[in-house]
Every structure is written in structure tokens, then in C-alpha cells.
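All remarks here apply to the structure that follows.
Heavy-atom basis, side chains included; hydrogens, waters and symmetry copies ignored. Residue indices begin at 1 and follow the sequence shown.
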Amino acid sequence: MTQSEDLFDRARRVTPGGVHSPVRAFKQVGGTPLFIASASGAELTDVDGRRYVDFCMAFGPMILGHGDPIVRAAVTKAVDKGWSFGAAERTSLELAELITANVGWIDTVRFVNSGTEAVMSAIRLARASTGRDKVLKFDGCYHGHADAMLIRAGSGLAGTAKPDSAGVPESVGRDTLVAPLNDATAIATIFAAHGKEIAAAIIEPVPANHGLLPQTEAFLTTLASLCRKHGALLIFDEVITGFRLGFGGYAETSGIEPDIVTWGKIIGGGFPVGAFAAKRHIMDLVAPLGPVYQAGTLNANPVAMTAGLATLRRLLDGEIYGHLETLGQALDETMRPIDKLTLQRRGSLFWLASASAEATIRAPDQISEETARAFPDMFRALLDAGIYFPPSPFEVGFLSAAHDESHIEQLGRALA
Ligand SMILES: *Cc1c(COP(=O)(O)O)cnc(C)c1O
């Protein structure tokens with residue numbers, strides 16, 4: 001029995017499924033989840049002493065790699081000063097100043113503890129701002145686990161929806177509309193029918209939680225103009241893409257400005273942080289200035305803020321994004337001759353699907369069944385070759401500043 005197997009046995013006795021977040025259980029790949037003992041640079045070491053090149057990178061926060069020495073030094077220094085005050089303090093101010101100074105179209109930002117909380121609060125804010133209840137989301141996007149977002153497309157009329165988790169009331173589904181990705185006609189139909197009731201449309205501008213499903217700029221522009229025309233707000237959920245596709249995320253690289261943006265993952269440098277931001281006239285509705293309640297005992301925790309601040313400062317000059325794009329292009333080259341797989345990539349986000357007839361897969365119904373069927377074998381072969389991928393066919397891979405071309409070559413050899 002390996003140490004991981006032994007620990008997983010113990011964990012299952014005291015935790016549902018042995019894990020604290022479902023994808024960690026390896027259900028989609030089979031076998032026992034690895035228990036990780038430590039991580040450094042682009043590498044994980046499990047409790048049995050095996051080392052892996054990590055292309056999961058904690059599902060996104062670790063853009064600098066694991067154990068970045070500058071972040072580590074800053075965090076250590078912060079801990080020396082105490083780690084939770086429940087009071088105003090300087091680090092969150094500096095992080096807010098850094099972000100608002102460098103993301104041109106937002107005025108103010110509120111820090112919370114997770115991407116889920118950021119989305120939950122953004123939706124509440126959009127509803128308060130418009131005086132409307134309905135929210136339009138897209139099939140194939142993930143926005144965390146708030147009730148209003150655990151809703152999927154129903155059968156029947158365009159836009160209808162039903163709970164995607166037990167415990168979410170049917171009544172919540174009545175205020176959520178679900179549209180297909182990459183389908184401008186469908187969203188026009190939904191806005192024609194419900195335009196006056198829609199508080200906001202929320203989308204991952206580069207959907208990266210059900211494979212990587214890049215949308216065309218034309219589609220996102222159509223969505224933005226439908227929102228404007230009908231008085232709905234546009235929310236970009238950039239929890240994964242924010243500070244990754246560029247400092248200002250997709251909104252900056254595309255020039256398409258949402259009304260509200262949500263962030264998470266990188267913004268906390270690997271500690272629990274989320275945030276939502278918008279222009280002043282919207283954000284001024286948030287308590288204590290306005291009537292939209294939002295609070296948190298651990299909001300803007302100084303240690304987490306320090307990790308975020310140290311991480312974002314490293315990203316500001318753009319050098320790391322250049323390195324990540326160079327690595328991404330090396331990955332393109334490496335994958336080109338491997339016929340059985342299709343690589344989809346935006347910057348340092350990538351995803352491997354089985355060979356596809358589509359030039360670009362843009363919606364869940366274009367993903368072949370073979371992609372999920374073939375994944376477990378590929379995942380195990382990669383583990384055997386010392387490479388750790390996210391343990392699901394629908395999670396994307398991440399490149400970090402700590403990766404180099406030798407890691408890409410190692411991946412290429414393992415997949416060939
Ligand atoms: C990860 C993610 C979330 C949820 O963030 P948590 O911190 O896991 O709650 C929400 N939206 C998107 C786009 C994400 O990638």
C-alpha cells in the first residue's frame with residue numbers, strides 16, 4: 001500500500017469522498033488521489049516521494065510557480081506582524097491601489113475569500129443596480145457553487161433552466177436563464193423574450209472550466225451590445241483569466257469592457273482571495289456606502305493580501321506574460337505532430353481534446369465523447385512519466401513562470 005492509499009483510506013472515514021473539493025477525488029480518472037507533500041517551482045512531490053512536473057498548478061493561482069521566493073519572503077514577513085485583525089489595514093489598500101491604477105476601466109474593488117463569493121456578490125450587485133432578478137448564464141461556463149449559478153439548461157424553450165445540484169431549489173432556477181455558448185441567435189432570442197427582466201449576463205469570456213472553449217470576439221461583442229440595449233449589466237467572470245491572459249485579463253486584451261468583473265485564483269497568489277470590481281456608480285451601492293450587503297470575517301486577510309500583492313507586482317511589467325506565451329508556442333509546436341490530440345490554447349491556459357473536426361471547439365456539444373473516454377489512460381500514462389495533469393478531461397492545464405521548455409519537451413515525449 002502506498003502512503004497516498006493509506007491516507008486516502010483514513011480521509012474517507014472523516015470527509016465525504018475523502019476530499020474537500022470533488023475533482024481532487026480522481027473519480028474521473030480512477031485510482032487513488034495522490035497526497036501531495038510539497039511543491040516547488042513547476043514540481044510536486046507526493047507523500048511517497050515521487051516527483052511530478054505539475055501542469056495543474058492548483059487549478060490556476062500559481063502563475064509564478066510553487067514556492068516563489070519573493071512571495072514566500074513577503075508572506076513570512078507579514079506573518080511576523082500577525083495574521084488577522086478584522087480591521088482596516090494597509091496591505092489591502094495597496095493591493096486595491098495597484099489593481100485600480102492598472103486596470104483602467106474599474107474604479108473600486110472589494111476583496112472576498114473565493115471566486116464563488118465574488119460571483120455571488122457581483123450578481124447581488126447587478127440585481128440591486130438594475131432592480132431586476134433574472135441572470136443569464138451560459139452552458140459550459142463555471143462560476144463557482146452559489147445556488148444561482150448551479151443551474152443548467154432545461155429542455156424546451158430557449159433559456160429555461162433547472163438545478164444542477166441537489167439542494168438547489170427549483171425556484172432559484174426560475175431566475176436563471178441558460179444560453180448556449182457561441183450562438184448569437186440564441187442570445188438574441190432570449191433577450192427578445194426576457195430583456196426587461198434580465199439584471200445581468202455572466203460569462204467566462206474565455207470559458208476554461210469545461211475544456212477550453214474560446215469564444216469569438218464577435219459573439220462577445222454581440223452579448224455586450226444586447227446587454228446595453230436591454231439595460232442589463234455584463235459580468236465577466238475572470239476568476240481564471242484575470243491577471244493571466246494579461247494583467248487586465250480578457251477585458252484588457254479584447255477591449256470589451258464588462259460592467260462588473262470578478263477575480264479569484266491569481267489575485268490571492270495561492271491564498272484564499274476573490275474580488276469584484278466595477279465603476280464607482282455601481283460599486284457605491286455596496287455596504288457600508290450603499291444598500292447591497294456584503295461582508296466577511298476574513299475578507300482582505302493581510303497574509304492573503306500580501307501574497308496577492310507580491311504576485312501581482314511581479315506580473316505588472318508583462319515580462320512573465322511574454323515568457324508564458326513563448327512556452328505556449330513551444331507547446332503548440334510540440335503538439336502539432338500528435339494527430340490523436342487537439343490542443344486548444346489561450347496564453348498559458350491549455351486543454352487537450354481528442355482529434356476534432358472543428359478548427360476550434362467553442363461549445364460543450366462540439367466536444368467528442370472520445371475526449372472523456374480516452375482521458376483516464378492518458379492521465380495514468382502521464383503520471384507514470386512523471387507528469388501531473390488536472391485529474392479531469394474537462395479541466396484546463398496551466399503554464400507558470402516556473403515552467404521551461406524542458407518541461408514541454410517532457411510532456412511531448414510522454415504524449416507521442
Ligand atoms: C475557479 C472559478 C470560480 C470559483 O472560484 P472558487 O475560488 O473556487 O470559489 C468561479 N469562476 C471561474 C471562472 C472559475 O474558474
Inter-residue atom distance [X].[atom1] - [Y].[atom2], 0.5 Å rounding:
X: Leu383; Y: Leu34; atom1: CG; atom2: CG; result: 5.5 Å
X: Thr311; Y: Phe271; atom1: OG1; atom2: CZ; result: 9.0 Å
X: His145; Y: Asp164; atom1: NE2; atom2: CG; result: 14.0 Å
X: Thr326; Y: Tyr321; atom1: OG1; atom2: OH; result: 14.5 Å

query: Is it true that Arg174 and Asp133 make a salt bridge, defined as a side-chain N closer than 4.0 Å to a carboxylate O?
result: no
task: Run the salt-bridge test on Arg313 and Glu94 with the 4.0 Å N-O cut-off and return the result as yes or no.
output: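 The answer is yes: the pair qualifies as a salt bridge.
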[X]-[Y] side chain donor-acceptor pair, cut-off 3.5 Å:
X: Gln28; Y: Ser392; answer: yes
X: Gln294; Y: Arg110; answer: yes
X: Glu89; Y: Thr91; answer: yes
X: Ser348; Y: Arg244; answer: yes
X: His403; Y: Ser400; answer: yes
X: His407; Y: Gln410; answer: no
X: Glu43; Y: Ser40; answer: no

To check you understand the geometry: which heavy-atom pair defines the closest contact between [X] and [Y], and what is its length?
X: Ala126; Y: Leu233; answer: CA-CD1, 3.8 Å
X: Val103; Y: Gly248; answer: CG2-CA, 4.3 Å
X: Leu245; Y: Tyr250; answer: CD1-CB, 4.1 Å
X: Ala385; Y: Ala414; answer: CB-CB, 3.7 Å
X: Gly231; Y: Thr130; answer: O-CG2, 3.8 Å

Worked check of side-chain contact (heavy atoms from CB on, under 4.5 Å) between Ile123 and Met149: CA-CA 10 Å; Ile123 288 169; Met149 294 291 101; 3.3 Å; yes
message: Within the 4.5 Å heavy-atom criterion, are Lys137 and Ile203 side-chain neighbours or not?
response: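 When only atoms from C-beta onward are counted, Ile203 and Lys137 do not touch, as no gap falls below 4.5 Å.
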message: Quick one, Leu177 and Val135 - any side-chain contact, counting heavy atoms below 4.5 Å?
response: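 No, side chains not in contact.
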Does [X] use its side chain to pair, donor to acceptor, with the backbone of [Y] at less than 3.5 Å?
X: Arg362; Y: Pro214; value: yes
X: Thr371; Y: Ile367; value: no
X: Ser165; Y: Val168; value: no
X: Gln215; Y: Leu213; value: yes
X: Glu204; Y: Tyr142; value: yes

field: Aromatic ring proximity, centroids under 6.0 angstrom, Phe276 and Trp263
entry: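 Centroid distance Trp263-Phe276: not below 6.0 Å, so no.
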query: Is the distance between the ring centroids of Phe379 and Phe26 under 6.0 Å?
result: yes
Worked check of salt bridge (Lys or Arg N to Asp or Glu O under 4.0 Å) between Glu325 and Arg345: CA-CA 10 Å; Glu325 183 54 32; Arg345 181 179 74 81; 3.0 Å; yes
message: Please determine whether salt bridge (Lys or Arg N to Asp or Glu O under 4.0 Å) holds for the pair Asp46 and Arg51, giving the CA-CA distance in whole Å, both sets of side-chain angles, and the decisive distance to 0.1 Å.
response: CA-CA 7 Å; Asp46 73 9; Arg51 290 160 58 181; over 6 Å; no
